[in-house]
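Heavy-atom basis, side chains included; hydrogens, waters and symmetry copies ignored.
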Amino acid sequence: DSIKVLDLGSFGKKDLCPEEDSGPELIAGILENLPNLSTFKTYSFTGHALLTLSHRNNHSSTKLTYLHDTGTTIDVLKAIVKLCPLLENVQFNCPEPEVIKQFCNFKRLNCLKLTKGKL
């Protein structure tokens, strides 16, 4: 319960282990079991894990203030907005075009890093 910052995974890698295909599932489990986590570093598909968590428990919420996501879809963005009301700092790599138009849904966002985004 005391862990607030977690640095796990590799940039650009969806799975935590090369022989497994369950990265977002594992990360969703970590998010469920670390209720005070505010920063999830390195892992580039946190939004996808949040979408998995949202499907598991529609009433979930996190204390994340920072996350990083790659290949963000509109469904992933909706999960991020819903589950991360405290989000202040976010990095998006290659989000789908309609995602960028929805950034106004973040109420506390003060730092945005966007790479390879298209309007």
Next on the checklist: Rounded at 0.5 Å granularity, tell me how far OG1 in T70 sits from CG in N93.
Outcome noted: 4.0 Å
Next on the checklist: Are V90 and L114 packed together at the side-chain level, in the sense that at least one heavy-atom pair is separated by less than 4.5 angstrom?
Outcome noted: no
Checklist entry - Given the rule in the side chain to side chain contact (heavy atoms under 4.5 Å, CB included) test, do T115 and K113 qualify, once you have shown the distances and angles that lead to the verdict? => result CA-CA 7 Å; T115 57; K113 181 173 183 180; 4.1 Å; yes
Next on the checklist: With rounding to the nearest 0.5 angstrom, report the CD to SG distance, Q91 to C111.
Outcome noted: 9.0 Å
Checklist entry - Heavy-atom distance under 4.5 Å between the side chains of L53 and I27, does that happen here? => result no
Checklist entry - To the nearest 0.5 Å, what is the distance between CG (L34) and CG (L6)? => result 6.5 Å
Checklist entry - Quick check: does any side chain N or O of K82 sit under 3.5 Å from a backbone N or O of N58, one acting as donor and the other as acceptor? => result yes
Item to check | Over 12 foreign heavy atoms within 6.0 Å of CG, D1 | outcome: no
Item to check | salt_bridge(K107, E88) N-O dist < 4.0 Å | outcome: no
Next on the checklist: Testing the basics here: between H48 and D69, what is the closest heavy-atom pair and its distance to 0.1 Å?
Outcome noted: ND1-OD1, 3.0 Å
Checklist entry - To the nearest 0.5 Å, what is the distance between CG (L50) and OG1 (T72)? => result 10.5 Å
Checklist entry - Between T65 (side chain) and L87 (backbone), is there a donor-acceptor pair under 3.5 Å? => result no
Checklist entry - How far apart are the closest heavy atoms of P24 and A49, and which atoms are they? => result O-CB, 3.5 Å
Checklist entry - Should F40 and V81 be regarded as members of a common hydrophobic cluster, given that ILVMFWY residues are connected when their side-chain heavy atoms come within less than 4.5 Å of each other, either directly or indirectly? => result yes
Checklist entry - Do K4 and L37 touch side chain to side chain, with heavy atoms closer than 4.5 Å? => result no
Next on the checklist: Please give me the minimum heavy-atom distance between V99 and I74, naming the atom from each residue.
Outcome noted: CG2-N, 3.7 Å
Checklist entry - Would you find a donor on one side and an acceptor on the other, under 3.5 Å apart, between the side chain of R56 and the backbone of E25? => result yes
Checklist outcome for this item: One should read off an interatomic distance between L67 CG and S38 OG, to the nearest 0.5 angstrom, of 11.5 Å
Checklist entry - Just by distance, do the side chain of T62 and the backbone of L83 share a donor-acceptor pair under 3.5 Å? => result yes
Next on the checklist: Do L64 and L86 land in one hydrophobic cluster if side-chain heavy atoms of ILVMFWY residues count as linked below 4.5 Å?
Outcome noted: no
Checklist entry - Measuring from T39:OG1 to I3:CD1, what's the distance to the nearest 0.5 Å? => result 12.5 Å
Item to check | Nearest heavy-atom neighbours spanning I80 and F92 | outcome: CD1-CE2, 4.0 Å
Item to check | Residue pair N105 / Q102, side-chain heavy-atom distance below 4.5 Å | outcome: yes
Checklist entry - Any side-chain heavy atom of S61 within less than 4.5 Å of one from P85? => result yes
